[in-house]
Amino acid sequence: MNSLSTSASSNSSVSSSTSWFSGIVRGRLDKSSSLKMAGSSSSGGGLASNNEGPIKGKNQFRGVLFKYGPKSIQGQFGCPGLHFSTLVVAFKTGDYKQQVIFIGGLTDGFLATDYLEPLAVALDNEKWSLVQLLMSSSYSGYGTSSLEQDAMEIDQLISYLINKENSEGVVLLGHSTGCQDIVHYMRTNAACSRAVRAAILQAPVSDREYRATLPETAAMIDLATSMIKEGLGSDLMPKEADPSPITAYRYNSLCAYMGDDDMFSSDLNEHQLRMRLGHMSSTPCQVIFSMDDEYVPEYVDKKALVERFCRAMGGAEKVEIEYGNHSLSNRVQEAVQAIIDFVKREGPKGWDDPWS
């Protein structure tokens, strides 16, 4: 089921009122006839046509590295007086009109999980590209960023794929805190979110519940709360709070009850889960849950929890990986098979304009 096509039609009046997005729509519609005449617009070329494939060797990807956003983002979510420069770039394997965008979790960057190599090969076989992005929150930057900033950069990437790559639609694949990014981005209803045909949440876990097992967390939450009340939310917390520089706002978001990042905690009631996840019901979703995830406390009933997530999202597809760890490094093939089966079933198929 692709409910986004229906949603796009019903919201056509909204898109026409947004000037820059209207330009994208006109550009897409102008190209549609020539793409249809081409026979198979998603056949791709480039790397795949040279029969080289997306993988050269262990941890060696063939592809294109490109900038998708502004050259730098200076201090927008840092503490006052702190200026940092971040280049938002992405790496794409394959040269196809349909893309799976991988969004990593805290401290992640390129090559974040072991399943990305075989996934790139499997996607290439199905005429899909794999896109890995670096955001201003990648690696140690998460502490001075936010879900809002991540969502803006995801939207910039999708806009780039639409305008520069003639994308026919994307599937978002989130790992760990990347799942929060996807949920938050789809809530923004940003213009380019209409190109998101499906979403995969791999290891959606609670940062709050995990951090509650650490001895310093309770005192640091109190400190972050006080700093926010004093208007110091963008100031940095003490070094004891986190291995990376982290603002009071982001610490509270990750660690406090009902913080902005608190979407997957087992103690949230049904109403709270629906408030946080319910909007995902308009997007085909798959939840891949590792049954031995080391970041889920032992007291949590994982089977019951993933069932509650899927129900809150209006009936998302549930995939339980027995004995799987957080990154599924011990269940790589199962992860790839689940992702590929879902993408083939729920992703865009050939020319399927999201704005028609």
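Heavy atoms only: backbone and side chains are in, while hydrogens, waters and symmetry mates are out. Quick note: residue numbers are just sequence positions, from 1. Because the structure is a prediction, the values reported are computed rather than measured.
- A continuous path of ILVMFWY side-chain contacts below 4.5 Å connects M258 to L277, so both sit in one hydrophobic cluster.
- With R345 contributing its side chain and I340 its backbone, the two residues share no donor-acceptor pair below 3.5 Å.
- The main-chain N or O of I162 is never found under 3.5 Å from a side-chain atom of E165 such that the two would form a donor-acceptor pair.
- For K303, the salt bridge (Lys or Arg N to Asp or Glu O under 4.0 Å) partners at least two apart in sequence or on another chain are E320, E322.
- For residues 258-286, the set of pairs meeting the ring pair (Phe, Tyr, Trp, His ring centres under 6.0 Å) definition, not counting sequence neighbours, comprises F264-F309.
- Side-chain atoms of R250 do not come within 3.5 Å of backbone N or O of L147 as any donor-acceptor pair.
- Under a 3.5 Å cut-off, the side chain of S290 and the backbone N or O of N325 do form a donor-acceptor pair.
- With hydrogens and angles disregarded, a donor-acceptor distance shorter than 3.5 Å links the side chain of S167 to the backbone of G169.
- Within the 3.5 Å criterion, the main-chain N or O of D262 finds no donor-acceptor partner in the side chain of S265.
- Y251 shares a hydrophobic cluster with L106, Y142, M220, I221, L223, M227, L232, M237, I246, L254; the chain of contacts runs through ILVMFWY side chains whose heavy atoms sit under 4.5 Å apart.
- At least one donor-acceptor pair under 3.5 Å links the side chain of S206 to the backbone N or O of E209.
- Looking only at distances, a side-chain donor or acceptor of T188 sits under 3.5 Å from a matching main-chain atom of A190.
- In this structure a side-chain-to-backbone donor-acceptor pair under 3.5 Å is missing from T107 to Y139.
- Sorted by first and then second residue, the pairs that involve residues 183-232 and meet ring pair (Phe, Tyr, Trp, His ring centres under 6.0 Å), not counting sequence neighbours, are Y210-Y295.
- Looking at N163, its side chain does come within 3.5 Å of a backbone N or O of S159 through a donor-acceptor pair.
- The side-chain hydrogen bond (donor to acceptor under 3.5 Å, both in side chains) with Q286 is formed by just one residue from the set E346, E317, K318; it is E317.
- Counting only residues at least two apart or on different chains, the salt bridge (charged side-chain N to carboxylate O under 4.0 Å, His left out) pairs with a member in residues 211-229 are R211-D242.
- The stretch residues 152-177 participates, sequence neighbours left out, in these ring pair (Phe, Tyr, Trp, His ring centres under 6.0 Å) pairs: F66-Y160, H175-H326.
- The two atoms that bring A120 and I55 nearest to each other are CB-CD1, 4.3 Å, heavy atoms only.
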